[in-house]
There are 2 protein chains.
Amino acid sequence: MRQNKYLTIYKELTDRIKSGEVKPGEVLPSENDLTIQFDTSRETIRKALNLLSQNGFIQKIKGKGSVVIDVQKMSFPISGLVSFKEVSKNLQMESVITRVHDFGLIKPDDFLTQQLDATSSDEVWKVTRSREINGVNIILDKDYFLKKYVPTLTKEICEGSIYEFLENQLNLNISFAKKEIVVEDCTDEDRKHLDLEGFSHIVVVKNYVYLENTSLFQYTESRHRLDKFRFIDFARRSV
Amino acid sequence: MRQNKYLTIYKELTDRIKSGEVKPGEVLPSENDLTIQFDTSRETIRKALNLLSQNGFIQKIKGKGSVVIDVQKMSFPISGLVSFKEVSKNLQMESVITRVHDFGLIKPDDFLTQQLDATSSDEVWKVTRSREINGVNIILDKDYFLKKYVPTLTKEICEGSIYEFLENQLNLNISFAKKEIVVEDCTDEDRKHLDLEGFSHIVVVKNYVYLENTSLFQYTESRHRLDKFRFIDFARRSV
DNA sequence: AAGTGGTCTAGACCACATC
DNA sequence: ATGTGGTCTAGACCACTTG
């Protein structure tokens, strides 16, 4: 099976960039060169290069080549579909403690019914967790999963990575999400679980997560203390 | 010249979705059908469909088809490379007044030199503008452009759309940007130009904008009153 | 079995940048 | 004139979904 050749090429090229084998400002080999190097067709090479471009590794310039973008200045994009576990991989050397405060099956109220496109007969997993980073509680995650898509869930799983469980154990294919960032007044729940140090407002990231079959299966509110919040995005000019 | 056939197809298909000709949950015609409809090859159709997918219009499902995503729930993504003018197109029926408070050429200080990758010999256009929306001053935009890429600029241009000027008059090709969102303490400048109503913090969107040739030419800080800030993003699972 | 999207190929012509 | 990326074609085989 000769599948996903373009993904293999994508990974190889990102490795070359990350390792510094090709430095920012320099160009990758031409598409024709790459077809020879990887023994493939040009369209397959272009598929891999387009991925590099979309993810901010290169800028393609007509007549010149694929210029490597300075990733230093880019820092680590926290965009895309990220779970907290993925974000925390970037928080190297920082100690993170996850605490589960609330876990169980509930009947959705009006708000949740609307957020999750649910019906009154649906059941919903509710999980409330706080994240202590370097000794300070700064993030409160409130997750809601539709039970019809997530039949089983335990408190133990919630103490680790829910996404790992959903993808590897339940084989759910998470496909896309809508993210909304706003600032709200702190709630009593925020004050109870977080070290707010007098902040009266909190950054709220609302996430609507969809499966491959376009069904909405999760709504999440990730509530961050103002001074610890940071969102980074790489964006290309849209058509 | 038969160029950009796939863009034409993309626009035609988005029109069909926006007009409600194809409704959320329904599928587009199959790729083979579309090749016939548009008298083209399948790869060209797929190029158009991939654009639709990236921009959150459809979800492609193997064996089934291209399902239209509910754009209602998606609202208007403010992601991508947007200037204020583009954002304000979505603020229909709302009155917007732009005021230029500061305009001129400056020598970059240490902070700007670092943000713009500039040298001490570079000159920088500095533009400070406030946005009054529905009678309230809620956004303060601080723009910095490297003069070597933007030779001319006037206060009058800044009262309208700088981006329109850059793209249509100067023919600058804006290509990609890095966006960073954080919350900071309000400055005296914020208090001077905005109606802060006692808010002590402010949402700051920092934008590093790059040209097609990968040179950084603009740094912008867009400072939004907490309660009026909203950021929406559509994200696909990254590889 | 038939239809769908996912991947891949080997060619072609074009517009752009460089020498 | 040469090399680069951008677009387009006509075909092929595969994996998946549905009848």
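Note that this is a predicted model, so its numbers are computed, not measured.
In terms of phosphate contacts, B/Tyr6 brings a side-chain nitrogen or oxygen within less than 4.0 Å of OP1 or OP2 of D/dT7. Using a 4.0 Å cut-off, no side-chain N or O of A/Lys5 falls inside it from OP1 or OP2 of C/dG6. For B/Thr40 and D/dT9, the shortest distance from a side-chain N or O to OP1 or OP2 is below 4.0 Å. Distances shorter than 4.0 Å separate none of the side-chain N or O atoms of B/Asn4 from OP1 or OP2 on D/dG6. The side chain of A/Ser41 places no N or O atom within less than 4.0 Å of a non-bridging phosphate oxygen (OP1 or OP2) of C/dG11.
Per the geometry, CG belonging to B/Asn213 stands 16 Å off P belonging to D/dG5, to the nearest Å. Across the protein-nucleic acid pair, B/Glu212 atom CD and C/dA15 atom P stand 16 Å apart, rounded to whole Å. Rounded to a whole Å, the CD atom of B/Glu43 is 14 Å from the C1' atom of C/dG11. Rounded to an integer number of Å, the gap from A/Tyr10 OH to C/dG6 C1' is 19 Å. C/dG6 atom C1' lies 14 Å from atom CG of A/Leu51, rounded to whole Å. One can place CD1 of B/Ile9 at 13 Å from C1' of D/dT9, the figure rounded to the nearest angstrom. Distance NZ (A/Lys47) to C1' (C/dT9): 11 Å, rounded to an integer number of Å. Distance A/Ile45 CD1 to C/dG11 P: 16 Å, rounded to the nearest Å.
Both A/Asp39 and B/Asn50 sit near DNA chain C, but only B/Asn50 has its closest nucleotide nearer the 5' end.
Take A/Leu105 and apply the side-chain contact (heavy atoms from CB on, under 4.5 Å) test, not counting sequence neighbours, and it matches A/Glu123, A/Trp125, A/Lys147. Residues that satisfy the salt bridge (charged side-chain N to carboxylate O under 4.0 Å, His left out) test with A/Asp122, not counting sequence neighbours, are A/Lys148. Taking B/Phe229 as the reference, B/His224 meet the ring-ring contact (aromatic ring centres under 6.0 Å, His included) condition, with sequence neighbours excluded. For A/Tyr144, there are no ring-ring contact (aromatic ring centres under 6.0 Å, His included) partners two or more places apart in sequence or in a different chain. Taking the side chain to side chain donor-acceptor pair (under 3.5 Å) definition, one finds that A/Thr220 meets it with A/Asp143, A/Gln218, sequence neighbours left out.
Under 3.5 Å, the side chains of B/Asn32 and B/Ser30 contain no donor-acceptor pair of N or O atoms.
Ring-centre distance between A/Phe231 and B/Phe231: below the 6.0 Å cut-off.
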Might you list the N or O atoms of the protein lying below 3.5 Å from N or O atoms in nucleotides 3-5 of chain C, with each pair's distance?
| residue | atom | partner | partner atom | Å |
| --- | --- | --- | --- | --- |
| C/dG3 | N2 | B/Gly63 | O | 3.4 |
| C/dT4 | OP1 | B/Ser30 | OG | 3.3 |
| C/dT4 | O2 | B/Gly63 | N | 3.4 |
| C/dG5 | OP2 | B/Glu31 | N | 2.7 |
| C/dG5 | N7 | B/Arg42 | NH2 | 3.4 |

